Enquirer: 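Sending over a structure as structure tokens; questions will come in a sec.
Quick caveat: nothing in here was measured; it's all calculated off a predicted structure. First the proteins, then the strands, lettered A, B, ... as listed; each starts at 1.
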2 protein chains.
Amino acid sequence: MADNLAENGRKSARTPKHWALKDRLLAMVAAAGPGGPLPGERALAEGFGVSRTTVRKALTELMAEGRLTRVHGSGTYVGSGKVTQRLQLSSYTEDMRSHGLNPTSSLLEAAIEAAEPELAALLAVPAGADVLRLRRLRSADGEPMAIETSRLPLTRFPGLEARVGDTSLYRVLWEHYGVELGHAEETIETTLATPADAALLGNEVGAVMLRLSRHSFDTDNRPVEWVRSVYRGDRYKFVATLVSPREVE
Amino acid sequence: MADNLAENGRKSARTPKHWALKDRLLAMVAAAGPGGPLPGERALAEGFGVSRTTVRKALTELMAEGRLTRVHGSGTYVGSGKVTQRLQLSSYTEDMRSHGLNPTSSLLEAAIEAAEPELAALLAVPAGADVLRLRRLRSADGEPMAIETSRLPLTRFPGLEARVGDTSLYRVLWEHYGVELGHAEETIETTLATPADAALLGNEVGAVMLRLSRHSFDTDNRPVEWVRSVYRGDRYKFVATLVSPREVE
DNA sequence: TAGTGGTCTAGACCACCCC
DNA sequence: GGGTGGTCTAGACCACTAC
């Protein structure tokens, strides 16, 4: 068996210099240990006999893989690996705590907007209806991790804008409106950090990100929120439990 | 409310030239229409009055976002957007068909290996036990989309290596071994295309990819397979349905 | 063979951090 | 001020495609 190997040699797996460099850099990463510093880019370029551009390309890739972090005026350091977050109907706070991290969340913005037609359809309100837009910066152990923008229909949750603060949004929904989440549709894709993302997350523009879009429904199947989040691709992975259709019933 | 805006101006959202370029390129994309060609990189550089390096950086980002595809000796073309795949215990084939795409799958490799300790633990077999490794290239409408590597315990499925072919693996498991999948744990994260990935997928080395790792169990809760896949980040997004713990019971 | 994208270089200048 | 990362340039050469 195993010899329809799809033309092994022909489309040769060429290894660019920047890719090969990664192995040598990884050795330095191992030597430096967690959080340890690497030599500067100019020193690396000279040491490896390549251009600084090539070194930077290799470093950028290692950063995207979560092996390194770069701090602008300061230096390049060994990264702290990825955190696994479960895709579930629970709060960010609980989730981080279960990983032994200290989660914080700062409200960047809370504003009322008129629903665009698309958003209106998602939230089952008339176009132009009042919608509360919440924008949060999520951090863990002081490091910015994700930016999350939620939209909720104020027609269903009158006065909600005055009740959002540091407490869990889902708790507010339950205690003040008797609403409990039943299910959600969550989409995951890759995206790149915009200048605004990069400024908030201490990232580079164009850094690899994971974009999640969540459409949540209550136990009566009515839409509750529409959330778009970007998570640092070098710090996060997500895990979901899939069940057989027969098991759900 | 809404004025703990986290120092709006200070960490200024600088917009690099390559990022600004994207808007102008996007206009050309809209004009060219689906599949249409863009001018060559040298022409773009001259036209926009920037270096070819900067043009390439912008093009690379647009490619990562699925707006463009580049073909080596040929040119740059308007991309075809992302396909949404549902995270569920179903076959790739069924999933693609439901999107009106014509899925194909070629077996790159089928080999027997001795289970490393980690893999052995995942498959609940003794270390060193025979494991069948299957490597497939998944395509849709002729375009390579994903590389999938599955490992199954041959101790549980004797003779499986002779039964894998073009039929669905899950069908073989059911018809010959009476095994049906019950649930799976699926992890999603970003990664970059290795030289081998790039050669198979017609990609660039370092292109943004989605890595999925699936650990599948049968209806008796015994592990059935361990699968690692890489999907082109510019072509795929995934969607999962989340249910409240109370609903599952 | 001519044109396209893919890789790499050497060097410049800017923005930021730390002393 | 001196060092670090971030951006950009102009140009060279290679690999691949199309003719």
Enquirer: Using a strict 4.0 Å threshold on nitrogen-to-oxygen distance, state whether B:Arg70 and B:Glu41 make a salt bridge.
Expert: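 Yes, charged N to carboxylate O under 4.0 Å.
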Enquirer: What nitrogen or oxygen pairs link the protein and nucleotides 4-8 of chain C at under 3.5 Å?
Expert:
residue, atom, partner, partner atom, Å
C:dG5, OP1, B:Thr76, OG1, 3.0
C:dG5, OP2, B:Glu41, N, 2.8
C:dG5, O4', B:His72, O, 2.6
C:dG5, N7, B:Arg42, NH1, 3.0
C:dG5, O6, B:Arg42, NH2, 3.0
C:dG5, N2, B:His72, NE2, 3.2
C:dG5, N3, B:His72, NE2, 3.3
C:dG6, OP1, B:Glu204, OE2, 3.1
C:dG6, OP2, B:Arg56, NH1, 2.8
C:dG6, OP2, B:Arg56, NH2, 3.2
C:dG6, OP2, B:Arg70, NE, 3.4
C:dG6, OP2, B:Glu204, OE2, 3.3
C:dG6, N7, B:Arg52, NH2, 2.8
C:dG6, O6, B:Arg52, NH1, 3.0
C:dC8, OP1, A:Lys17, N, 2.3

Enquirer: Going by salt bridge (Lys or Arg N to Asp or Glu O under 4.0 Å), name the pairs with one or both residues in residues 205-215 of chain B, residues two or more places apart or in two chains.
Expert: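 Found B:Glu186-B:Arg214.
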Enquirer: Checking salt bridge (Lys or Arg N to Asp or Glu O under 4.0 Å) against B:Arg151, which of B:Glu113, B:Glu225, B:Glu116 comes through?
Expert: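 With B:Arg151 as partner, B:Glu113, B:Glu225, B:Glu116 yield a single salt bridge (Lys or Arg N to Asp or Glu O under 4.0 Å), made by B:Glu113.
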Enquirer: Quick one: CD on B:Glu185 to CG on B:Leu122, what's the gap to the nearest 0.5 Å?
Expert: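 Interatomic distance, B:Glu185 CD to B:Leu122 CG, rounded to 0.5 Å: 11.5 Å.
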Enquirer: In chain order, what residues pass the salt bridge (charged side-chain N to carboxylate O under 4.0 Å, His left out) check against B:Lys57, with sequence neighbours excluded?
Expert: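 Not a single residue meets the salt bridge (charged side-chain N to carboxylate O under 4.0 Å, His left out) criterion with B:Lys57.
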